[in-house]
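A quick write-up on the structure given underneath.
Order of appearance sets the numbers: ligands from 1, and atoms from 1 within every ligand.
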Amino acid sequence: MKNVLVTGGAGYIGSHTVLALVDYGYNPIIVDNFSNASPKVIDRLEKLANRPIKCYSIDCCDKKALEQVFVENEIFGVIHFAGYKAVGESVQKPLMYYQNNLISLLNVVEVMHEHNCLNLIFSSSATVYGAPKSVPIYEDFPLHVTNPYGRTKLMIEEILTDYVKANPEFKVALLRYFNPIGAHESGLIGEDPNGIPNNLMPYITQVCIGKLDHVRVFGNDYPTKDGTGVRDYVHVMDLAVGHSLTLKKMENCSENLLIYNLGTGKGSSVLDVIHEMEKAVGHSIKYEIVARRAGDIAECYANCDKAYQELGFKAKYNLFDMCKSSWNFQQKNPNGIK
Ligand code: WQD
């Protein structure tokens, strides 16, 4: 089995991707500093995968420690999730974001180069498109970022583009996620943010479990179907499969720079999400329309034809499935994975 290093593999998307790698016949090896995930996730992954999963508790900013992983294991490819990802926090602490997100990436690429590991998937984000000129968004749309978090994503895309130009034997895939939500059907792993959630879905599930009083809808005066923000919500399990499909493609393709949107191709408003969630939980959910959140855009959803044609990627879960699985995870973990 080919070893695939998953940095940030105990995190929300990373942990679900670990399971999808096992399903596709890869051997995932996790690297995580557990700054934004519980070590308990590893036990739960081993239970779900029904096999041991090697995990190194290290920080990708520690190049020496990262190097040791490559000395001890022959790594076929790396999926790089590790990084800070809170938009608001990045505005308050830009240097922390530039240092952590850029140094960890540079270490990963340097160590891969030193150990002749030639396949890297980078966890990018639709945030690199900024406010799109139109929707749906295609991969060749202009890129524009408006916060330090998004800028680290764009800078890393540019660093990797330069790197593969200079090292054509190296292969990079940039996967631009839209809005990942949902959880594994077992409810053992899921989105488990520290503190008050920034993102919509974990905020709603905490209202449903009684930890928060009501949902604040950030504006209903956007030029959208019901005035609330529209996003392309994609089930994290679909997103996880997208990574395995990308690795399969990388094993058999000649191109060395692959760029894909991973979404559903469908836009849903905040009110759509709340209404689907009401169906999933079986009761109404209290919400209040408040002012827009600084930096939010009106509408953002993907065209995913390229991922479908080149990877065979097609999201199979709908918004209700995503809501049901998020709710199941929250019910099983009222205080998160502790
Ligand atoms: C979704 C919609 C809000 C919270 C961000 C990052 C992106 C990725 C996903 C990391 C918007 C509205 C939200 C709330 C609300 N992050 N909302 N009340 O902002 O689309 O994307 O998270 O990888 O890179 O930019 O996601 O879930 O915060 O917001 O009304 O309490 O829900 O205005 O329309 P977003 P989100």
Taking the side chain as everything from C-beta on, heavy atoms only, tell me whether R151 gets closer than 4.5 Å to S90.
no
Between the protein and ligand 1, are there any N or O atom pairs that come within less than 3.5 Å of each other, and if so, what are their names and distances?
from	atom 1	to	atom 2	distance (Å)
ligand 1	18 (N)	R216	O	2.8
ligand 1	19 (O)	R293	NH2	2.9
ligand 1	20 (O)	N179	ND2	3.0
ligand 1	20 (O)	R231	NE	2.7
ligand 1	22 (O)	N199	ND2	2.8
ligand 1	23 (O)	Y149	OH	2.8
ligand 1	24 (O)	S125	OG	3.0
ligand 1	24 (O)	Y149	OH	3.4
ligand 1	26 (O)	N179	ND2	3.1
ligand 1	27 (O)	N199	ND2	3.4
ligand 1	27 (O)	L200	N	2.8
ligand 1	28 (O)	N199	ND2	3.1
ligand 1	28 (O)	R293	NH1	3.3
ligand 1	28 (O)	R293	NH2	2.8
ligand 1	29 (O)	R293	NH2	3.4
ligand 1	30 (O)	R216	O	3.4
ligand 1	30 (O)	F218	N	2.9
ligand 1	33 (O)	D296	OD2	2.6

Determine whether N261 and Y129 satisfy the following criterion, side chain to side chain donor-acceptor pair (under 3.5 Å), listing intermediate values before the conclusion.
CA-CA 11 Å; N261 287 335; Y129 295 113; 2.7 Å; yes
Below 4.0 angstrom, N of the basic side chain to O of the carboxylate: do K314 and D238 qualify?
no
Is it true that K286 and D213 have a side-chain N and a carboxylate O under 4.0 angstrom from each other?
yes
Decide side chain to side chain donor-acceptor pair (under 3.5 Å) for N3 and N27; before the verdict, give the C-alpha distance in whole Å, the side-chain angles of both, and the deciding distance to 0.1 Å.
CA-CA 5 Å; N3 295 327; N27 177 44; 2.7 Å; yes
Contacts table for residues 243-250: side-chain donor-acceptor under 3.5 angstrom, sequence neighbours left out:
from	atom 1	to	atom 2	distance (Å)
H243	ND1	L239	O	2.7
H243	NE2	Y177	OH	2.6
S244	OG	A20	O	3.1
T246	OG1	G242	O	2.7
K248	NZ	Y24	O	3.4

